[in-house]
Amino acid sequence: MNQVLKFGGSSVANAQNIRKVIDIVSKRKNRGKAIVIVSALGGTTDALLNCGSQAAAGLEEYKTTLAGIEQRHLDAVKELLP
């Protein structure tokens with residue numbers, strides 16, 4: 001049986017939630033082929049839109065916003081990988 005598994009932003013908002021997604025996908029893999037669709041980390045799309053608006057307006061604070069987005073992703077990766 002083929003299946004599509006879609007996880008929204010809150011499902012991958014942090015390392016703890018990503019572990020839950022990994023567990024769900026791992027349990028489903030024995031049921032046949034699966035397509036896994038994962039949204040951006042919760043809040044990332046809004047943060048990117050804000051960052052783009054800041055940059056378009058010539059506001060230097062876009063750099064801080066972008067650095068925060070980057071750090072959030074790095075923190076999640078560090079928590080997930082040994």
Side-chain angles (χ1 to χ4, degrees):
M1 169 201 274
N2 294 334
Q3 51 194 321
V4 176
L5 305 171
K6 196 270 185 191
F7 299 94
S10 61
S11 297
V12 291
N14 53 50
Q16 180 181 353
N17 289 2
I18 293 171
R19 283 190 188 96
K20 292 176 186 176
V21 169
I22 292 168
D23 186 51
I24 291 167
V25 172
S26 294
K27 288 177 181 174
R28 299 279 180 127
K29 70 181 180 184
N30 295 330
R31 296 184 186 177
K33 293 181 181 181
I35 296 171
V36 179
I37 302 165
V38 183
S39 294
L41 297 184
T44 299
T45 301
D46 289 340
L48 286 169
L49 290 171
N50 182 41
C51 185
S53 294
Q54 291 169 339
L59 302 174
E60 289 292 315
E61 68 186 84
Y62 83 89
K63 294 175 184 177
T64 303
T65 302
L66 187 58
I69 295 167
E70 178 183 26
Q71 190 59 54
R72 183 165 175 234
H73 284 75
L74 290 172
D75 290 344
V77 168
K78 288 176 185 176
E79 193 173 332
L80 290 166
L81 298 177

message: Name the residue from Lys78, Arg72, Gln71 that meets the side-chain hydrogen bond (donor to acceptor under 3.5 Å, both in side chains) definition with Asp75.
response: Gln71
- request: Determine the minimum heavy-atom distance between Ser39 and Gly9, stating which atoms define it.
  value: CB-N, 3.6 Å
message: Taking Thr65's backbone N and O only, do any of them form a donor-acceptor pair with Asn50's side chain (distance below 3.5 Å, no angle check)?
response: no
message: Let's go through Gln3 and Arg31 carefully: what are the C-alpha distance in whole Å and the side-chain angles of both, what is the deciding distance for side chain to side chain contact (heavy atoms under 4.5 Å, CB included) to 0.1 Å, and is it a yes or a no?
response: CA-CA 8 Å; Gln3 51 194 321; Arg31 296 184 186 177; 3.6 Å; yes
- prompt: Does any non-hydrogen side-chain atom of Gln54 lie less than 4.5 Å from one of Leu66?
  reply: no
message: Assigning hydrophobic clusters by single linkage (Ile, Leu, Val, Met, Phe, Trp, Tyr; side-chain heavy-atom cutoff under 4.5 Å), is Ile18 placed with Leu5?
response: yes
query: Any chain of hydrophobic side-chain contacts (each under 4.5 Å) joining Val25 to Leu41?
result: yes
Between CD on residue Gln16 and CG on residue Leu80, distance to nearest 0.5 Å: 11.0 Å
task: Hey, could you give me the SG/CD distance between Cys51 and Glu70, rounded to the nearest 0.5 Å?
output: 11.0 Å
task: Evaluate the criterion side chain to side chain donor-acceptor pair (under 3.5 Å) for residue pair Lys6 and Ser11; output intermediate values, then yes/no.
output: CA-CA 9 Å; Lys6 196 270 185 191; Ser11 297; over 6 Å; no
field: Least distance between heavy atoms, Ala40 atom then Thr45 atom
entry: CB-OG1, 4.1 Å
- request: For Asp23 and Arg19, run salt bridge (Lys or Arg N to Asp or Glu O under 4.0 Å): C-alpha distance rounded to whole Å, both residues' side-chain angles, the deciding distance at 0.1 Å, then the answer.
  value: CA-CA 6 Å; Asp23 186 51; Arg19 283 190 188 96; over 6 Å; no
- prompt: Can you name the nearest heavy-atom pair linking Val4 to Ile37, along with the distance?
  reply: CG1-CD1, 3.8 Å
task: Indicate yes or no: at least one non-hydrogen side-chain atom of Val36 is less than 4.5 angstrom from one of Phe7.
output: yes
